Amino acid sequence: ADAGRAGILESEDRGAHRFVHDTAREILAGGVEESERRKLHARIAEALEGDGTNLEAVCAAATHYAAGDLEETAPRAHRAALAAADVALRRFDNESALSFLDLASRAASMASIPLDAGFHRSVGEARLRLGALEESLDAFAAALQTESGRLIRASIYGRIAWVQQARAAPDLAWSALGRAFDAIGARMPVEGVASAARTLERFAVANLPRRTSRALSPAVGPRLHEAELLCDLHYQNARLGLEYARPYRLVASSVEALNIGESLGHSRAHARSRVHYGFALTALGMRRAGANELAKAERMAKELGDPVTI
C-alpha cells in the first residue's frame with residue numbers, strides 16, 4: 001500500500017502489481033544480495049505456480065525458477081518448465097517453448113528425472129514448426145524409444161511422416177505413415193488392383209444421397225481419441241497422394257477420413273476430412289461438388305477458430 005501511495009507500484013488485474021518505472025525495480029533489486037535474490041525468485045515462482053488457471057503466471061513461474069537456485073528447486077522447476085512449454089506450444093510461440101524445454105531438461109538432469117516421450121515430442125513439434133527438420137526427427141526418434149503406448153506411437157510416427165514430407169522425401173514419409181497405421185491397427189490405402197476396387201466401392205458409397213440424420217454411434221473417450229488420430233493419418237495419406245500424384249491414396253483416404261470425421265461431429269478432424277474429400281471430388285472432375293465440400297470445411301474451420309484446422 002505504501003509503495004502504491006508513493007507512486008512506485010500500480011495495481012493490475014487479478015490482484016497483481018507492477019513497478020511504474022523499471023528504474024525503481026532495478027534500484028531495489030540492486031540492494032539485494034545475489035543469494036537472497038535467488039531465494040526471492042524461488043518464492044515468487046512457488047506463488048505463481050499455484051495459479052494454474054492464469055497462463056501468464058504459468059510462464060512467469062518457470063522464468064522465476066530459472067532465475068532462482070535451480071539446484072534447490074529442480075523438481076518444481078522441471079514441472080513448471082514443462083507446463084510453460086505446453087502453454088507456449090499452444091500459442092505457437094515455438095522459440096519460447098524450446099527455451100522452457102531447455103530449462104526442463106537442465107532441471108531434470110539436476111533432479112535425476114528421466115526425460116519422457118512427452119518431452120521429446122514437444123521438442124520435435126517445436127523444431128518441426130521452426131523448420132529444424134533434422135533436429136525434429138532426432139527428437140521424435142527419442143520419443144519412440146521411451147513410449148510403448150500404441151496410440152501415442154502411432155501419433156509420433158505420424159509426426160515423423162510430416163517431417164519427411166517437409167524434407168521432400170515421400171518414400172520415407174509413407175514408410176513412417178505405414179508404421180503409424182500399423183500401430184493403430186488399421187490399413188493404409190495403397191496402390192494396386194485390390195486397392196482400386198476398394199477405392200471405387202468406397203467412393204460410390206460416399207456419394208450416395210446422405211440422410212440428414214445418419215445412424216452413427218458417436219465416438220467418446222478413448223474411442224474418440226483413436227478416431228481423431230485415424231482421421232488425421234488418413235488426412236496425411238490423402239495429402240501425400242495429392243502432392244505426389246497417387247490418386248488411389250487420395251480418394252480412398254479422403255473417403256475413409258470423411259466417414260470417420262462425420263462420426264466426430266463439429267471438429268478439426270471433420271473439417272480437415274472435408275478439405276481432402278473436396279480435393280478428391282475436384283480431381284475427379286466434380287468441381288461443383290468439390291467446391292461445396294471446401295466451403296463447408298472453411299465454415300467449420302472459422303467456427304472452430306483453430307489456426308491449423310486446414
Side-chain angles (χ1 to χ4, degrees), residues 33-164 166 176 179-180 183 225 229 308:
E33 293 291 334
E34 180 64 22
S35 59
E36 184 62 25
R37 186 182 303 128
R38 289 183 178 275
K39 291 179 182 178
L40 288 172
H41 277 297
R43 289 173 59 188
I44 294 169
E46 289 174 10
L48 290 169
E49 195 179 6
D51 188 4
T53 61
N54 185 341
L55 299 184
E56 298 299 333
V58 171
C59 295
T63 301
H64 279 288
Y65 274 125
D69 190 339
L70 197 57
E71 290 188 358
E72 291 292 326
T73 61
R76 295 194 299 275
H78 174 256
R79 181 179 62 240
L82 289 179
D86 183 62
V87 170
L89 280 172
R90 281 187 275 130
R91 292 176 171 177
F92 287 79
D93 184 355
N94 303 301
E95 292 86 354
S96 293
L98 287 173
S99 177
F100 288 130
L101 288 166
D102 178 68
L103 171 62
S105 178
R106 289 187 285 119
S109 177
M110 293 176 183
S112 299
I113 299 173
L115 297 174
D116 62 10
F119 170 86
H120 294 297
R121 288 174 70 193
S122 294
V123 173
E125 191 64 33
R127 294 292 188 193
L128 172 57
R129 293 176 184 177
L130 291 171
L133 302 182
E134 299 305 321
E135 292 90 339
S136 179
L137 278 177
D138 289 343
F140 285 129
L144 283 174
Q145 292 177 0
T146 55
E147 180 57 56
S148 59
R150 68 182 186 90
L151 294 185
I152 296 178
R153 287 182 65 84
S155 177
I156 295 169
Y157 277 123
R159 300 315 288 159
I160 291 174
W162 275 109
V163 178
Q164 298 293 10
R179 292 186 177 187
H225 177 56
L229 176 56
V308 293

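Quick caveat: nothing in here was measured; it's all calculated off a predicted structure. Quick note: numbers below take in every heavy atom, side chains included, and nothing from hydrogens, waters or symmetry partners.
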Q. How far apart are the closest heavy atoms of Ala180 and Gly158, and which atoms are they?
A. CB-N, 3.9 Å

**Q.** Set of residues satisfying salt bridge (Lys or Arg N to Asp or Glu O under 4.0 Å) with respect to Glu95, sequence neighbours excluded
**A.** none

Q) Excluding sequence neighbours, so at least two apart, what forms salt bridge (Lys or Arg N to Asp or Glu O under 4.0 Å) with Arg121? A) none

Q: List the atom of Glu125, the atom of Phe140, and the distance in Å for their closest heavy-atom pair.
A: N-CZ, 3.5 Å

(Q) Suppose we screen for ring-ring contact (aromatic ring centres under 6.0 Å, His included). Which residues come up paired with His64, at least two apart in sequence or across chains? (A) His41

(Q) Give me each pair satisfying salt bridge (Lys or Arg N to Asp or Glu O under 4.0 Å) with a member in residues 108-119, each pair once, sequence neighbours excluded. (A) none

Q) Which value, rounded to the nearest 0.5 Å, describes the distance between His225 atom NE2 and Leu151 atom CG? A) 5.0 Å

Q) Does anything in residues 59-84 pair up under salt bridge (Lys or Arg N to Asp or Glu O under 4.0 Å), and if so which pairs, sequence neighbours excluded? A) Glu46-Arg76, Glu49-Arg79

Quiz: residues 129-136 side-chain donor-acceptor pairs under 3.5 angstrom, not counting sequence neighbours:
residue: Arg129; atom: NH1; partner: Leu89; partner atom: O; Å: 2.8
residue: Arg129; atom: NH1; partner: Asn94; partner atom: OD1; Å: 3.1
residue: Glu134; atom: OE2; partner: Arg167; partner atom: NE; Å: 2.9
residue: Glu134; atom: OE2; partner: Arg167; partner atom: NH2; Å: 3.4
residue: Ser136; atom: OG; partner: Gly124; partner atom: O; Å: 2.8

Which atom pairs, one a donor and one an acceptor, fall under 3.5 Å between side chains of residues 101-114 and the rest of the protein, sequence neighbours left out?
residue: Asp102; atom: OD2; partner: Arg106; partner atom: NE; Å: 3.2

**Q.** Neighbour count >12 (heavy atoms, 6.0 Å) for atom CZ, Arg91
**A.** yes

Q.
How close do Leu128 and Trp162 get, counting heavy atoms only, and between which atoms?
A. CD2-CB, 4.3 Å

Q | Non-neighbouring partners of Arg127 that pass side-chain hydrogen bond (donor to acceptor under 3.5 Å, both in side chains), sequence neighbours left out | A | none

Q.
Among residues at least two apart in sequence or on other chains, which ones pass side chain to side chain contact (heavy atoms under 4.5 Å, CB included) with Ala117?
A. Ala143, Thr146, Glu147

(Q) Just so I know, are the side chains of Leu137 and Gln164 near enough to count as touching, which here means a heavy-atom distance under 4.5 Å? (A) yes

Q | Under the side-chain hydrogen bond (donor to acceptor under 3.5 Å, both in side chains) test, residues paired with Arg179 that sit two or more places apart | A | none

Q | Over all atoms of both residues, closest heavy-atom pair of Tyr65 and Thr73 | A | CD2-OG1, 3.6 Å

Q: For Ser96, check side chain to side chain contact (heavy atoms under 4.5 Å, CB included) against everything at least two apart and list the hits.
A: Ala88, Asp93, Phe100

**Q.** Closest contact, heavy atoms only, Ala84 versus Cys59
**A.** CB-CA, 3.9 Å

Q: List in chain and number order the residues that pass side chain to side chain contact (heavy atoms under 4.5 Å, CB included) with Leu144, two or more places apart in sequence or in another chain; answer none if no residue qualifies.
A: Arg153, Ile156, Tyr157, Ile160

